[in-house]
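Some notes on the structure that comes next.
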Number of protein chains: 2
Amino acid sequence: VSNYKQADFPRGSTVLDNDHGTAPGFFVDIGSEGHTCRAFFLPGVPSEMEPMFEAGVVRALPRVRARLHVRRLRVFGMPESEVNDLLAGLEQGCGVTIGYRASGAEIEVKVLSAERAGELYGGAATRADAALGEARARLGEVVFGDGTMRLPEHVGALLLERGLTLGLAESCTGGLVSHLLTTLPGASAYYLGGVCCYGNSVKQAVLGVSAASLDEHGAVSAEVARELAEGARRLLGVDVALALTGVAGPSGGTHDKPVGLVHWAVADRAGTLVEHRCFPGGRAQVQRRAALAGLWSVRQRVLSA
Amino acid sequence: VSNYKQADFPRGSTVLDNDHGTAPGFFVDIGSEGHTCRAFFLPGVPSEMEPMFEAGVVRALPRVRARLHVRRLRVFGMPESEVNDLLAGLEQGCGVTIGYRASGAEIEVKVLSAERAGELYGGAATRADAALGEARARLGEVVFGDGTMRLPEHVGALLLERGLTLGLAESCTGGLVSHLLTTLPGASAYYLGGVCCYGNSVKQAVLGVSAASLDEHGAVSAEVARELAEGARRLLGVDVALALTGVAGPSGGTHDKPVGLVHWAVADRAGTLVEHRCFPGGRAQVQRRAALAGLWSVRQRVLSA
């Protein structure tokens with residue numbers, strides 16, 4: 001019965017195509033001769049609404065020449081306020097507007113350049129490019145990409161380019177790094193697999209972490225991170241292995257090993273690099289920040305190899 | 001420099017506490033004597049905004065006696081239109097309003113019962129409970145929980161209650177099931193770990209899938225799903241193992257094995273159950289639907305054991 005409702009449309013409306021599901025969308029022209037307004041009605045489900053918006057709405061609008069030029073670059077691991085300070089004066093100097101969008105440890109820097117009345121064609125694009133180049137130079141090595149490519153995708157592209165394979169041993173991140181990598185189509189070209197070693201029994205039996213290290217230093221330690229990375233590299237037969245072990249919280253923290261403390265290690269044929277940090281935030285944030293910090297270390301390691 | 005901006009507030013405003021970051025929030029009373037309106041200004045970052053809203057806004061509002069009673073139950077794997085049809089007439093019969101919120105294969109059914117003028121205290125709550133009981137009875141075994149507990153949490157609670165441990169072998173879901181389980185605090189009590197066996201080399205070397213099965217049936221097959229689940233159960237030393245292998249897309253589909261086809265298996269001491277389905281949608285949806293379908297099979301298996 002309730003499926004029939006989806007086939008009811010107002011008189012005079014035009015149904016929009018939906019190749020992604022059954023949610024209905026349509027448009028209708030309101031008003032009288034010469035003063036009409038086209039009203040679009042779209043479903044709420046994003047996976048059906050978004051393609052319908054592109055195909056049904058954007059294409060139905062009259063074309064205008066692009067008047068706003070947008071350039072983007074992405075920064076990792078620097079506070080937004082510091083990025084802002086480093087780019088001080090760039091807006092006035094280059095005649096552009098700069099926007100920031102922080103998402104975890106990643107910041108998207110967006111350079112907007114609007115065409116000016118009477119300006120030569122291409123002037124706005126030139127200003128956008130100049131501002132982007134200047135921003136890149138000022139920010140230095142924290143910039144990891146143009147455009148909209150996020151860190152996991154960037155690391156994937158880098159591994160593919162170098163012909164390297166990656167493997168994982170995840171304890172506190174519980175499969176999040178693996179999930180972030182495999183969200184991307186084509187990940188099998190560089191990502192062979194990983195072990196989520198949540199229990200200590202898995203750390204020992206599957207990845208070969210020694211009982212002595214677990215006893216002496218605990219599961220959350222530089223020693224265990226190192227053994228996990230080296231064990232994963234051997235077990236999975238990969239070029240580069242990333243391992244993470246930490247206290248994701250909310251419980252399990254101690255004075256010496258507070259919630260948020262994560263040790264991670266990257267092993268490749270040149271050796272193993274171990275790092276640690278205490279990440280702020282709740283469980284989900286600690287997991288996400290640790291996952292991205294680990295991927296950043298893989299990037300640095302691959303770039304310096 | 002830009003950090004100072006966060007300390008600037010309008011004259012006469014009251015700053016709201018923020019224990020979760022540095023984003024500023026405040027309120028200010030607008031208007032004159034007897035006709036004032038309190039305007040709240042909150043930051044956009046959800047992790048800082050939400051606790052500030054609870055602590056600074058909700059508590060500052062005058063208390064009213066609850067006039068709306070809400071009950072929830074959760075349904076898995078039934079189309080929203082079918083749920084709607086099964087609950088036909090319940091609103092009128094019980095004097096409540098019913099709302100649905102679908103999220104992937106899960107549907108939250110929300111029973112809303114408003115107090116009526118002159119009604120005895122408790123009447124609305126009684127109607128809400130009666131409607132909830134009736135909805136549960138009509139929907140039957142697709143109902144997996146009251147309240148807001150989602151499927152991964154529900155499966156975790158069930159494993160904990162039965163004293164069972166779970167392990168995973170994930171190919172097409174790439175760590176998503178592991179991620180869904182470890183998002184929850186306390187998962188280590190029942191989840192020991194998993195292997196993301198993205199490459200066939202990992203399926204063979206780590207989980208013991210036979211070369212013959214891979215050659216004869218391919219990685220996406222009932223046979224390989226079964227060997228993965230049984231291999232994971234042995235390797236990880238768990239009571240129950242779930243394995244998933246499929247074509248997440250967008251490429252890699254063939255006539256016989258189209259994008260969306262997923263085979264999954266649940267192995268426990270009684271044996272191994274193998275299922276398959278072709279899930280609709282893009283890569284992310286196939287992965288998510290397969291992950292939840294696998295968890296649902298674990299639930300069914302544990303309940304029937």
Side-chain angles (χ1 to χ4, degrees), chain A residues 1-3 5-6 20-22 45 47 79-82 84-85 88 102 165 167-168 170-188 191-199 201-203 205-206 235-238 248-252 280-285 287, chain B residues 1-3 5-6 20-22 45 47 79-82 84-85 88 102 165 167-168 170-188 191-199 201-203 205-206 235-238 248-252 280-285 287:
Chain A
V1 170
S2 55
N3 281 336
K5 268 200 320 205
Q6 302 209 13
H20 296 80
T22 62
V45 186
S47 61
E80 189 177 330
S81 57
E82 205 176 322
N84 197 351
D85 289 349
T165 56
L168 301 171
E170 297 189 70
S171 184
C172 60
T173 48
L176 177 58
V177 181
S178 186
H179 170 57
L180 291 173
L181 290 171
T182 56
T183 299
L184 311 165
S188 57
Y191 176 56
L192 294 193
V195 177
C196 173
C197 47
Y198 220 56
S201 60
V202 175
K203 293 184 183 72
V206 180
L235 177 76
L236 302 164
V238 292
S251 64
R283 182 176 176 85
Q285 283 174 305
Q287 288 181 325
Chain B
V1 169
S2 54
N3 281 335
K5 268 202 318 207
Q6 302 209 13
H20 296 81
T22 61
V45 186
S47 62
E80 188 176 331
S81 57
E82 204 176 324
N84 196 353
D85 289 349
T165 55
L168 301 171
E170 298 189 69
S171 183
C172 61
T173 48
L176 177 58
V177 181
S178 186
H179 170 57
L180 291 173
L181 291 171
T182 55
T183 298
L184 311 165
S188 58
Y191 177 56
L192 293 193
V195 176
C196 173
C197 47
Y198 219 56
S201 61
V202 175
K203 293 184 183 72
V206 180
L235 176 76
L236 302 164
V238 291
S251 63
R283 182 178 177 85
Q285 282 174 304
Q287 288 181 326

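Computation of the quantities below employed the complete heavy-atom set of this structure, encompassing side-chain atoms and omitting hydrogens, waters and symmetry-equivalent molecules. All of these numbers come straight from a predicted model, not from anything done at the bench.
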Between [X] and chain A, with a heavy-atom cut-off of 4.5 Å, which part of the residue counts as in contact: side chain, backbone, both or neither?
X         : value
Ser251(B) : neither
Ala102(B) : neither
Leu181(B) : neither
Glu170(B) : neither

Which atoms form the tightest heavy-atom contact between [X] and [Y], and what is the distance?
X         : Y         : result
Pro185(A) : Arg283(B) : N-NE, 3.6 Å
Tyr191(A) : Tyr198(B) : O-CD2, 3.6 Å
Ser178(B) : Gly174(A) : OG-O, 2.7 Å

- request: Assign the ring pair His179(A) / His179(B) to parallel, tilted or perpendicular, where the plane angle (0 to 90°) is split at 30° and 60°.
  value: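 Parallel.
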
- request: Pick one of side chain, backbone, both or neither for Val202(A), based on which atoms fall under 4.5 Å of a heavy atom in chain B.
  value: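 For Val202(A), side-chain heavy atoms alone lie under 4.5 Å from chain B.
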
message: Less than 4.5 Å to any heavy atom of chain B: does that hold for the side chain of Ser171(A), its backbone, both, or neither?
response: neither

task: Report yes or no: does Gln287(A) contribute a side-chain atom to a donor-acceptor pair with the main-chain N or O of Thr182(B) at less than 3.5 Å?
output: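 Indeed, once roles are kept as given, a pair shorter than 3.5 Å links the two residues.
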
For chain B, the option from Gly199(A), Cys196(A), Gly175(A) that forms the most heavy-atom pairs under 4.5 Å: Cys196(A)

- prompt: Under 4.5 Å between any side-chain heavy atoms of Ser201(B) and Leu192(A), yes or no?
  reply: yes

